[in-house]
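Quick caveat, the model's predicted, so the values are computed rather than measured.
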Amino acid sequence: MYDIIYIGGGLNYAGAIVASKQGLKVALVETSRGHLGGTCLHEGCIPSKMFLHHANTVRQSNESVFRGELVLDMPTLTAQKTELLASASKSIRAQCKDVELIEGKGKLIAPHKVEVEGKIYEGEYIVIGTGSTPFIPEGIVYDKKAIITSNELLYLQKLPQTIAIYGDGAIGLEMASFFASAGVEVTLISRHDRLLPHTHSSIQNAMTKELERQGIIYLKEHAISKAEPTEKGVHITFENGASSMYEQMLVATGRQPNTDVVATDQITVKRGIETDDFFQTTLEKHFAIGDCNGKLQLAHAARVQALNVTKQIMGKQPGKLNLDHVVRFIHTLPMSYATVGQNRQRLEEDGMEFKESSIMLSQFKPAAFHQAGNGVLIVYADMSGLILGAELFAPNAEELISSVAMALAGEMTVSMAQQTIMAHPTFSEALERVYSRL
């Protein structure tokens with residue numbers, strides 16, 4: 001009998017390590033020991049950002065101050081990625097020295113009972129963190145070669161000359177940026193009528209301009225009815241009757257929560273595994289964290305949920321997490337989009353009175369050599385000056401927004417934020433200017 005059984009070795013491992021260090025008897029169930037760390041480490045956050053980092057060098061080399069041509073060496077890049085991930089996996093296994101690692105696919109077959117490869121394990125508490133998998137729309141023949149998802153993309157040994165990317169969410173936009181920066185002809189295909197429909201219109205326009213500047217062909221309102229590999233490439237047929245041929249196709253139409261771990265009707269499953277605000281399922285002492293609960297598909301959100309649940313189990317009363325304070329971002333080149341807290345759409349939907357301040361990065365000289373002329377920073381506050389959130393489109397926006405995230409956590413007002421003296425010349429001083437206008 002274990003104190004806690006964690007099912008899924010993604011960011012769940014963070015909770016398992018903390019619990020084991022406190023002397024609890026802990027088991028961590030993972031399909032493959034080599035996949036500890038989950039999608040983020042092996043097929044997502046870490047390797048994708050590594051790919052983007054190196055593609056950015058190729059992109060920058062095309063600026064007028066450089067001579068010659070750089071080419072991304074994919075075999076070397078993927079080899080270095082594999083070496084990096086192997087080192088990270090080794091580190092995680094070392095940290096799990098006091099955790100019993102159980103290899104195999106886990107299923108919760110009854111309260112407190114987990115089946116793995118025919119063997120039953122019992123735990124007083126169960127924490128499910130089985131993540132998510134790519135969603136493949138009907139009509140798309142996914143062969144993992146010509147038609148791929150993010151899982152296969154990060155193992156490519158050769159860049160295609162042309163690629164179609166279906167989906168304009170985080171994965172679609174990031175990988176469109178990667179391929180375009182690496183010199184591939186990219187067509188971004190979307191079912192929607194505009195990019196990032198839930199963001200501020202200024203950022204929608206800025207992102208669209210960036211796609212155009214990078215030479216990315218953007219086909220909006222182009223739902224795909226059929227896509228299949230052929231000897232000549234991938235043949236795509238759109239719902240409007242038109243068709244096109246591409247060397248390769250990336251399906252980036254979102255991810256679906258992995259909920260098949262639940263094999264008991266005492267836990268409710270809808271889009272994801274249903275939980276309350278403290279991530280407890282409809283069965284007491286059984287929790288679901290990360291992508292599988294359908295709340296936020298972000299690695300850092302999964303990690304903080306796993307730690308919050310573990311602290312609850314240990315009786316430390318960590319309190320309710322405010323998921324609005326989780327930073328969300330899309331890492332495109334040369335600028336990223338990042339947001340935290342409330343944005344204009346949500347504030348208007350809630351009927352809340354608010355103030356908004358924005359500034360274009362073109363007003364700041366570093367924007368010229370960062371290719372950030374289309375950048376924009378937007379901050380929201382209530383009528384008393386309390387900071388409510390922000391949306392940024394800027395170089396390294398995912399880093400820049402951390403100061404706003406801290407302001408939210410500290411319940412700071414605009415006047416308090418204005419007391420911070422930002423460094424010059426940086427884009428953080430543009431935030432200082434935004435605060436001064438609220």
Side-chain angles (χ1 to χ4, degrees), residues 168 170 173 177 193-213 324-438:
D168 58 357
L173 286 169
S177 186
D193 63 352
R194 64 189 188 280
L195 287 171
L196 304 174
H198 302 298
T199 65
H200 194 284
S201 59
S202 296
I203 290 174
Q204 292 176 25
N205 294 335
M207 181 70 83
T208 302
K209 288 177 181 177
E210 283 302 307
L211 293 186
E212 293 173 355
R213 193 161 67 87
D324 282 340
H325 289 181
V326 175
V327 170
R328 287 158 283 174
F329 72 96
I330 299 174
H331 191 7
T332 48
L333 301 173
M335 292 184 286
S336 300
Y337 167 71
T339 183
V340 69
Q342 303 290 326
N343 67 8
R344 182 173 185 167
Q345 183 189 55
R346 290 183 59 187
L347 289 166
E348 289 178 342
E349 287 175 352
D350 293 342
M352 185 174 179
E353 283 190 281
F354 66 95
K355 296 184 288 185
E356 170 189 315
S357 175
S358 65
I359 196 165
M360 296 298 296
L361 293 186
S362 56
Q363 298 180 35
F364 297 83
K365 295 305 179 185
F369 52 84
H370 281 285
Q371 296 187 346
N374 290 321
V376 58
L377 310 184
I378 307 166
V379 175
Y380 306 95
D382 68 14
M383 302 311 288
S384 65
L386 182 70
I387 296 172
L388 299 175
E391 294 183 88
L392 313 182
F393 188 51
N396 301 310
E398 65 278 8
E399 301 281 359
L400 181 60
I401 204 165
S402 60
S403 62
V404 183
M406 292 179 70
L408 287 175
E411 298 183 344
M412 293 176 65
T413 62
V414 172
S415 60
M416 293 169 66
Q418 286 176 341
Q419 296 176 35
T420 305
I421 302 172
M422 305 294 189
H424 173 79
T426 66
F427 291 119
S428 61
E429 62 184 331
L431 265 180
E432 186 179 346
R433 189 85 60 84
V434 176
Y435 290 139
S436 71
R437 295 179 175 183
L438 277 167

Cut-off 3.5 Å, no hydrogens considered: what does the side-chain donor-acceptor table look like for residues 384-394, sequence neighbours left out?
residue : atom : partner : partner atom : Å
Ser384  : OG   : Asp382  : OD1          : 2.7
Ser384  : OG   : Asp382  : OD2          : 3.4
Glu391  : OE1  : His200  : N            : 3.3
Glu391  : OE1  : Tyr337  : OH           : 2.8
Glu391  : OE2  : Tyr380  : OH           : 2.7

Specify the closest pair of heavy atoms between [X] and [Y], including all atoms of both residues, with the distance to one decimal.
X      : Y      : value
Arg346 : Asn343 : N-OD1, 3.0 Å
Ala397 : Ala338 : O-CB, 3.5 Å
Tyr435 : Val414 : O-CG1, 3.1 Å
Glu432 : Thr420 : CD-O, 3.9 Å
Leu400 : Ser428 : CD1-CA, 3.5 Å
Leu438 : Ser357 : CG-CB, 3.4 Å

Verify, without hydrogens or angle tests, whether Asp324 (side chain) and Gln342 (backbone) share a donor-acceptor contact under 3.5 angstrom.
no
For the pair Thr208 (side chain) and Gln204 (backbone), establish whether a donor and an acceptor sit closer than 3.5 Å, ignoring hydrogens and angles.
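A pair under 3.5 Å: yes.
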Measure the spacing between [atom1] of [X] and [atom2] of [Y] and express it to the nearest 0.5 Å.
X      : Y      : atom1 : atom2 : answer
Ser201 : Gln345 : OG    : CD    : 11.5 Å
Met416 : Glu411 : CE    : CD    : 9.5 Å
Ser403 : Leu408 : OG    : CG    : 10.0 Å
Met383 : Met352 : CE    : CE    : 10.0 Å
Gln418 : Met412 : CD    : CE    : 10.0 Å

Would you check if [X] and [Y] make a side-chain contact, meaning some heavy-atom pair closer than 4.5 Å?
X      : Y      : result
Arg213 : Gln371 : yes
Leu196 : Asp168 : no
Leu195 : Ile203 : no
Asn396 : Glu398 : yes
Val434 : Ile378 : no

Could Arg433 and Glu429 be called an ion pair, given the rule that one side-chain N must be under 4.0 Å from one carboxylate O?
no
I'd like to know whether CD of Glu353 has more than 12 heavy-atom contacts from other residues, nucleotides or ligands below 6.0 angstrom.
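Not more than 12 within 6.0 Å, no.
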Residues Ile359, Val376; criterion side-chain contact (heavy atoms from CB on, under 4.5 Å); working and verdict:
CA-CA 6 Å; Ile359 196 165; Val376 58; over 6 Å; no
For residues 328-335, tabulate all N or O donor-acceptor pairs below 3.5 Å that involve a side-chain atom, not counting sequence neighbours.
residue : atom : partner : partner atom : Å
His331  : ND1  : Ser336  : OG           : 2.9
Thr332  : OG1  : Met335  : O            : 2.4

Under the criterion side-chain contact (heavy atoms from CB on, under 4.5 Å), I'd like the reasoning laid out for Thr339 against Thr199: C-alpha separation, chi angles, the key distance, then a yes or no.
CA-CA 9 Å; Thr339 183; Thr199 65; over 6 Å; no
Partners of Phe427 by ring-ring contact (aromatic ring centres under 6.0 Å, His included), sequence neighbours excluded?
His370
